[in-house]
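See below for the structure under consideration.
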Amino acid sequence: AVLVDTGVGQSDLTRAALINHTYRAGQSSWTGRPSPLLVGVGRSRERINQGRHAVLVLQRELATGFVGRLSAMPPLSIGWLQADWMHALPFRTGSVSRLVCNLSLPYVPSPLAALREWHRVLHPDGCLIFTTFHPNTDLSPLYRRHLRQANQDEFSAQAQPLLHYFARLREAIRHRILHTFDEPGLAALLGQCRIASFRILPIFDGQALVAIVGKQNSSSSLH
């Protein structure tokens, strides 16, 4: 299996996959299948280095906590590619099992061109998962709720930069600097790509959307 994370930053997906694979190594018997290949794709060397460093730190932590358990399964294979994924992905048509793009579609020059390219590289049984902002997205109330539940001060040095970022993000969305979609609009965009097999769900209390896209040209939605 080949899993691609486009638009890497902090490499949250890569780290989550690494933790999951390490847990499986300690809990499951190995069947001899090859380890999945996870590829992080970023536009700049700075982003790639940032993601690689975060993953290396986690790998050291996991190796310390799971001594003797990792021999049951080969380690998760992780690769990094610097490429302009907004226009073209350096993968053969139909070669990617899973492609994940988290909150990157709003920033691409052409969402239509990006989706067509992401769909092109999917394996016939593959799956594309991406998230995008809603036209009314404002993440500040959600973050403030989290702070209250955690009994943390929203005026702290840790909270203020994030709240400032969310305010800037809200203004960018309001002034239509970023691409945003409601459910009918996102469904229409997928239809323009001739994608018939998909499912769209609201997340973050409706502040954003997640789309799960299949490669098969089926008239029915994914279940």
Side-chain angles (χ1 to χ4, degrees), residues 1-43 47-48 51-52 54-55 58-59 62 70 72-105 108 111-132 186-187 189-191 193-201 203 209-223:
V2 178
L3 170 64
V4 173
D5 179 14
T6 58
V8 296
Q10 296 295 332
S11 296
D12 293 335
L13 172 68
T14 305
R15 289 185 291 168
L18 182 60
I19 291 171
N20 178 269
H21 187 77
T22 304
Y23 175 80
R24 289 175 58 208
Q27 300 295 322
S28 306
S29 59
W30 183 238
T31 60
R33 292 175 298 172
S35 177
L37 170 63
L38 195 154
V39 181
V41 181
R43 297 184 69 195
R47 288 288 189 179
I48 293 294
R52 182 186 285 115
V55 170
L58 178 59
Q59 285 176 320
L62 292 174
L70 299 181
M73 296 173 67
L76 180 68
S77 300
I78 300 174
W80 306 92
L81 282 175
Q82 183 180 352
D84 189 357
W85 56 266
M86 292 186 178
H87 299 286
L89 286 168
F91 301 104
R92 295 190 307 273
T93 297
S95 63
V96 174
S97 307
R98 297 287 185 271
L99 193 150
V100 179
C101 198
N102 185 35
L103 295 179
S104 295
L105 191 68
V108 301
L112 181 63
L115 278 171
R116 283 174 173 166
E117 176 64 7
W118 299 349
H119 197 244
R120 176 191 69 81
V121 302
L122 278 188
H123 186 274
D125 295 321
C127 182
L128 160 66
I129 302 172
F130 68 91
T131 54
T132 188
L186 187 54
L189 177 66
L190 291 167
C193 298
R194 298 185 178 180
I195 297 173
S197 180
F198 62 85
R199 189 178 181 190
I200 299 171
L201 298 169
I203 56 175
L209 300 172
V210 58
I212 307 164
V213 176
K215 187 65 179 279
Q216 300 294 345
N217 292 322
S218 168
S219 61
S220 61
S221 296
L222 290 174
H223 297 286

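The residues of the chain are indexed from 1 along the displayed sequence.
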**OP:** Indicate the atoms forming the closest heavy-atom contact of G40 with I48, along with that distance.
**Re:** O-CD1, 4.0 Å
Subject >> side-chain contact (heavy atoms from CB on, under 4.5 Å) evaluation trace for L105 with W118 >> reply: CA-CA 11 Å; L105 191 68; W118 299 349; 3.7 Å; yes
**OP:** Any chance you could lay out the side-chain contact (heavy atoms from CB on, under 4.5 Å) test for L190 and I200, step after step, and finish with the verdict?
**Re:** CA-CA 10 Å; L190 291 167; I200 299 171; 4.2 Å; yes
Subject >> Minimal non-hydrogen separation, K215 against L122, with atom names >> reply: NZ-O, 2.6 Å
**OP:** To the nearest 0.5 Å, tell me how far T14 OG1 sits from L3 CG.
**Re:** 7.5 Å
Original post:
What distance do T131 atom OG1 and L103 atom CG have between them, rounded to the nearest 0.5 Å?
Top reply: 3.5 Å
Subject >> Over all atoms of both residues, closest heavy-atom pair of L89 and L99 >> reply: CD1-CD1, 3.6 Å
Subject >> Approximate separation, where rounding is to 0.5 Å, of L128 CG and L115 CG >> reply: 7.0 Å
**OP:** Test T6 against F130 for side-chain contact (heavy atoms from CB on, under 4.5 Å), laying out the working first.
**Re:** CA-CA 10 Å; T6 58; F130 68 91; over 6 Å; no
**OP:** Grab the two heavy atoms, one from L189 and one from P111, that are nearest each other, plus how far apart they are.
**Re:** CD2-CB, 4.0 Å
Original post:
Say you draw a straight line from CZ of R98 to CG of D125; how long is it, rounded to the nearest 0.5 Å?
Top reply: 8.5 Å
**OP:** Apply the test side-chain contact (heavy atoms from CB on, under 4.5 Å) to residues L186 and F198: give CA-CA distance (whole Å), side-chain angles for both, the deciding distance (0.1 Å), then the verdict.
**Re:** CA-CA 10 Å; L186 187 54; F198 62 85; over 6 Å; no
**OP:** List for me each residue that meets salt bridge (Lys or Arg N to Asp or Glu O under 4.0 Å) alongside R120, sequence neighbours excluded, and say none if there are none.
**Re:** E117
Original post:
If you measure from CZ on R116 to CZ on R194, what distance do you get to the nearest 0.5 Å?
Top reply: 8.0 Å
Subject >> Heavy-atom closest pair, residues A1 and S97 >> reply: CA-OG, 3.5 Å
Original post:
When rounded to the nearest 0.5 angstrom, what is the spacing between CD1 in I78 and CG in L18?
Top reply: 5.0 Å
**OP:** State, to 0.1 Å, how close I195 and G214 come at their nearest heavy-atom pair, and which atoms those are.
**Re:** CG2-O, 4.4 Å
